[in-house]
Amino acid sequence: MNNNKRENSKNNPTAIVIFGGTGDLSKKKLLPALFHLYIEGFLPEVFRVIGISRKELSDENYRKLVEEAIVAKGHEHGKELIGKFLENIYYKKGCSGESCTYEDLSYLLLKLDAEAGMCMNKLFYLSVPPSSYGDIFKHLSASGLNTPCGGEGAGWARVLVEKPFGENLETAKALDSQLTAFFKEEQIFRIDHYLAKDAVQNLLAFRFSNLLFEDSWHNGDIEKVHIKLYENFGIEGRGSFYDESGALRDVGQNHMLQILALIAMENQGVFEPENIIKERAKVFQALKIYSQEEAAVNSVRAQYKGYLDTEGVLKDSKTETYFLVKAFIENERWKGVPFYLESGKALGESKVEIVVEFKAAPHCVCGDEDSHNHKNILTLSIQPKQAVEMKFWVKKPGMAFKLEEQSLKFEYEKEKNGNGQNINRLPDAYEKVLYDCIAGDRTLFATSGEVEAAWKFIDPIIMTWKRGSPELDFYEIGEKPKIDL
Ligand code: BG6
């Protein structure tokens, strides 16, 4: 966040090793993100990318795959630029559990260092199932790749890991001890790609740069907060993973709680990574942990009809594809304010937004209308559009003293230049993830403390659901369940 504290990414020669280099995430996100960073000048001047997967591919075959991934994203850059980028791409066939993979990798990295005439930093991106993390960490450490070029002073070694970080508190702790056995905490970057979304970072900018809102940002003025993550598509080829996970673990335990933390955290006035991380963590720790009885009345869950026909899903599965959970933060600022977390697959629309409902003005000049309906509503939209909208009340023109609702709205996409083009290109979250990891900025990464506190909140709810309470509801594809809290 504080740009002075970031390492200069240009002078930070780095070799980026992607485990799972031919997988879906690599093709759809990581490789196009690296290319974008490259053309925008955000990658180090000296960089190499090494893809690793089980497939038998040559460097040339892999470069072709990378080129296709870039072109599929619709990049309008000429062959020459892509060709220059591809010169930095390499491939190694390998398996997470085989030591020969790491011997080959060490050899290649040494060779690339020697050719570049320097000790490059090593960034390991684990785009593989978490069950492979332990093996990869162990082997990286055994090959000395957790301390690049054999010393503390020269270069660094960092690992980027993807969620899920466990499936409950116990397994999260076990995974963490595997990670920290071979790498120090400051070398581990746990990705929550929601934190890296531009619109999510805007939550901090918006909150802490506008006195108007910050002064009312507490239980005295705010009635409730509703965080929505709606998706209009189903499980799509992820049946067996999703059926084990369910919606609450998939997006509630991580993305939505991170949004909640940014909405609710304090501003220490010093915008350094460690302060932001500390304040976010305090929110996680202040979440009210429910007893079984409380979990049953503060949550509902549902499954879309037809989910059971998805490949990989158990025929009698009770996994939720939708949830609505009411959370409370037990601190002075937020005591008594419900935070609704709501998410679902196969709903009628795809959108992510935060709706902050203010209390009605205590002495409303409302004519003869009921003052309790005159509330201000602030909607912070994350996607598909980045927008901020404020609803407020004004006098309706005319002889009678009547109020009407109006709104002020700001949409980033409407900001156009003279040629009618958008002036704001929103970087993809994965560009930010890679860029920040290279710059050593940990602000937008989840810590083990946050992950564990999130599980402490989620576990009792899932346990209560497993005992059948509240009952699982069902909804039609394209419709929201008709249940509420
Ligand atoms: C992922 C979940 O973490 O986030 C997916 O596993 C979900 O189920 C996705 O669809 C949502 O992310 P985004 O960036 O597409 O809104």
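One-based numbering, in listed order, for ligands and for the atoms of each.
The 12-atom threshold is exceeded at CD of Glu330, counting heavy atoms of other residues, nucleotides or ligands nearer than 6.0 Å.
What sits closest to atom 15 (O) of ligand 1 on the protein, heavy atoms only, is Gln383 NE2, 4.4 Å. The protein heavy-atom contact nearest to atom 16 (O) of ligand 1 is Tyr194 OH, 2.5 Å. Of all protein heavy atoms, the one closest to atom 8 (O) of ligand 1 is Asp250 OD2, 2.5 Å. Atom 11 (C) of ligand 1 has its closest protein heavy atom at Glu231 OE2, 3.4 Å.
Not one N or O of Tyr242 is nearer than 3.5 Å to an N or O of ligand 1, by distance alone.
Under a 4.0 Å criterion applied to the non-hydrogen atoms of Lys163, ligand 1 contributes the atoms 1 (C), 2 (C), 3 (O), 6 (O). Near Lys197, meaning under 4.0 Å from one of its heavy atoms, ligand 1 places the atoms 13 (P), 14 (O), 16 (O). Of all atoms in ligand 1, listed by their number and element, those nearer than 4.0 Å to a heavy atom of Arg238 are 2 (C), 5 (C), 6 (O), 8 (O). For ligand 1, the atoms sitting less than 4.0 Å from at least one non-hydrogen atom of His193 are 3 (O), 4 (O), 12 (O), 13 (P), 14 (O), numbered in the order shown with element in parentheses. Ligand 1 places these atoms under 4.0 Å from at least one heavy atom of Lys345: 5 (C), 7 (C), 8 (O), 10 (O).
Using modelled atom types and a 3.5 Å distance limit, the side chains of His226 and Glu357 yield no donor-acceptor pair. For the residue pair Thr379 and Glu353, no side-chain donor N or O sits within less than 3.5 Å of a side-chain acceptor on the partner. There is no side-chain donor-acceptor pair under 3.5 Å between Asn12 and Thr14.
Under a 3.5 Å cut-off, the side chain of Tyr102 and the backbone N or O of Ser96 do form a donor-acceptor pair.
Among Leu31, Leu25, Ile52, the one residue that satisfies the side chain to side chain contact (heavy atoms under 4.5 Å, CB included) test with Ile18 is Leu31.
One finds no salt bridge joining Asp428 and Lys28 here, because no Lys/Arg side-chain nitrogen approaches an Asp/Glu carboxylate oxygen to under 4.0 Å. Salt bridge Asp176/Lys173: absent, no basic N to carboxylate O contact under 4.0 Å.
Atom 4 (O) of ligand 1 has its nearest heavy-atom neighbour, among Lys351, His255, Arg249, in His255.
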